[in-house]
Protein chains: 2
Amino acid sequence: MARGREVEETVPVPEITVEKRVTYEAYMRDCPAVSLLSSISTRWVSLTMCTLGVHERPMRYSEVSRNVPGVSQKMLTQTLRGLERDGMVRRTVAPTSPVRVDYELTDLGWNLYGLLAQVRDWAHDNADAVDHARAAYDEL
Amino acid sequence: MARGREVEETVPVPEITVEKRVTYEAYMRDCPAVSLLSSISTRWVSLTMCTLGVHERPMRYSEVSRNVPGVSQKMLTQTLRGLERDGMVRRTVAPTSPVRVDYELTDLGWNLYGLLAQVRDWAHDNADAVDHARAAYDEL
DNA sequence: CAGAATCCTTCACGATACTG
DNA sequence: CAGTATCGTGAAGGATTCTG
């Protein structure tokens with residue numbers, strides 16, 4: 001991502017042809033970091049990670065479900081599967097009857113949670129400021 | 001959001017009726033902090049904020065556009081308007097011809113950027129780890 | 001309990017065309 | 001340059017039903 005600046009500022013403008021720009025933009029889109037950042041930056045990932053993080057212990061599926069505001073069963077399953085696949089969540093199935101499934105953050109997930117929690121706290125602390133900004137904007 | 005834990009752990013289970021749960025979930029959905037966190041947690045907000053942040057100076061519309069990988073003109077405009085409305089971005093129109101429009105982070109936006117930049121850096125640093133986790137998961 | 005599967009709706013988003 | 005307006009589509013997401 002930092003390359004954007006270099007290309008933009010160190011390469012003489014005339015040398016950035018349309019073709020090169022298209023290639024560059026395709027690169028940015030396909031850049032693993034951009035792609036990963038994009039996949040993290042979704043409502044359900046954010047809320048699910050926060051829920052798993054604040055509880056600091058394995059949580060049953062139904063428990064997660066009750067603590068992620070507004071999530072449907074389908075989206076929660078889909079989100080948890082994605083997080084498991086990305087190595088951020090560990091899913092443990094206990095062969096009881098009925099089955100018991102636990103979800104918990106991995107070390108990788110825990111690292112990310114540390115950052116997301118700060119964003120969550122920022123949102124909590126600045127909700128009022130944003131509301132006022134919106135009111136002022138809508139006033140006009 | 002922290003109330004979720006209290007309800008879950010300090011209120012006797014039998015007292016959580018279906019009605020109360022529905023009310024609680026509606027509250028969570030409507031909670032300003034959850035709502036704000038959700039609106040922040042989108043791909044275009046994340047990428048746009050990062051672009052405005054790394055450059056540390058006012059940017060023209062076209063310049064932002066070139067530095068947010070894969071964004072369409074429609075989505076960029078929509079995202080910038082949303083950020084302006086939320087008080088995170090300041091939009092300045094210079095009455096020249098053709099018009100010149102600059103976008104820059106406000107103090108509020110700058111605060112948030114500080115946190116989002118950490119998430120972006122995390123994504124950059126852990127893209128490989130996630131890729132390996134995905135490969136391992138898909139192996140099965 | 002913890003989902004899978006299916007259907008159906010909405011809307012996020014892109015493509016295109018037009019404008020001051 | 002910096003948009004607005006419109007249209008069309010695919011994907012996101014909800015509701016419902018079924019299952020081990």
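Not measured: the values here are computed from a predicted model. Residue numbers begin at 1 in each chain, while the letters A, B, ... track the order of the sequences.
Residue B:D107 qualifies as open at atom CG: its count of foreign heavy atoms under 6.0 Å is 12 or below.
Within residues 76-94 of chain B, the residues that place at least one heavy atom under 4.0 Å from DNA chain D are, in residue-number order, B:T77, B:R81, B:R91.
Protein atom CD of A:E63 is 13 Å distant from nucleotide atom C1' of C:dC1, rounded to whole Å. To the nearest angstrom, C1' of C:dC11 lies 14 Å from CZ of B:R43. Atom-to-atom, CG of B:L47 to P of C:dC13 comes out at 11 Å; the value is rounded to the nearest Å. Atom C1' of nucleotide D:dA2 and atom CE of B:M75 are separated by 17 Å, given to the nearest angstrom. At whole-Å resolution of the value, CZ in A:R100 and C1' in C:dG3 are 16 Å apart. In this structure, the NZ atom of B:K74 is 14 Å from the C1' atom of D:dG3, given to the nearest Å. In this structure, the CG atom of A:D102 is 14 Å from the P atom of C:dC1, given to the nearest Å.
Taking CH2 from B:W110 and CG from B:L105, the interatomic distance works out to 6.0 Å, rounded to the nearest 0.5 Å. Separating the SG atom in A:C50 from the CG atom in A:L116 is a distance of 6.0 Å, to the nearest 0.5 Å.
In this model, the phosphate group of C:dA2 is approached by a side-chain N or O of A:R60 to a distance below 4.0 Å at OP1 or OP2. OP1 or OP2 of C:dA2 lies within a sub-4.0 Å distance of a side-chain N or O belonging to A:S62. Checking the phosphate oxygens (OP1, OP2) of C:dG3, a side-chain nitrogen or oxygen of A:Y103 falls inside 4.0 Å.
Under a 3.5 Å cut-off, the side chain of A:H132 and the backbone N or O of A:D128 do form a donor-acceptor pair. Side-chain atoms of B:T79 come within 3.5 Å of backbone atoms of B:M75 as a donor-acceptor pair (strictly under, hydrogens ignored). Formation of a donor-acceptor pair under 3.5 Å by the A:T106 side chain with backbone atoms of A:R90 is not found in this model. Side-chain atoms of A:T51 come within 3.5 Å of backbone atoms of A:N67 as a donor-acceptor pair (strictly under, hydrogens ignored).
In summary, B:D102 and B:R91 do not engage in a salt bridge, as defined by a charged side-chain N under 4.0 Å from a carboxylate O.
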Pairs: protein N or O with nucleotides 17-20 of chain C N or O, under 3.5 Å:
none

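Partners of B:D125 by salt bridge (Lys or Arg N to Asp or Glu O under 4.0 Å), not counting sequence neighbours: none found.
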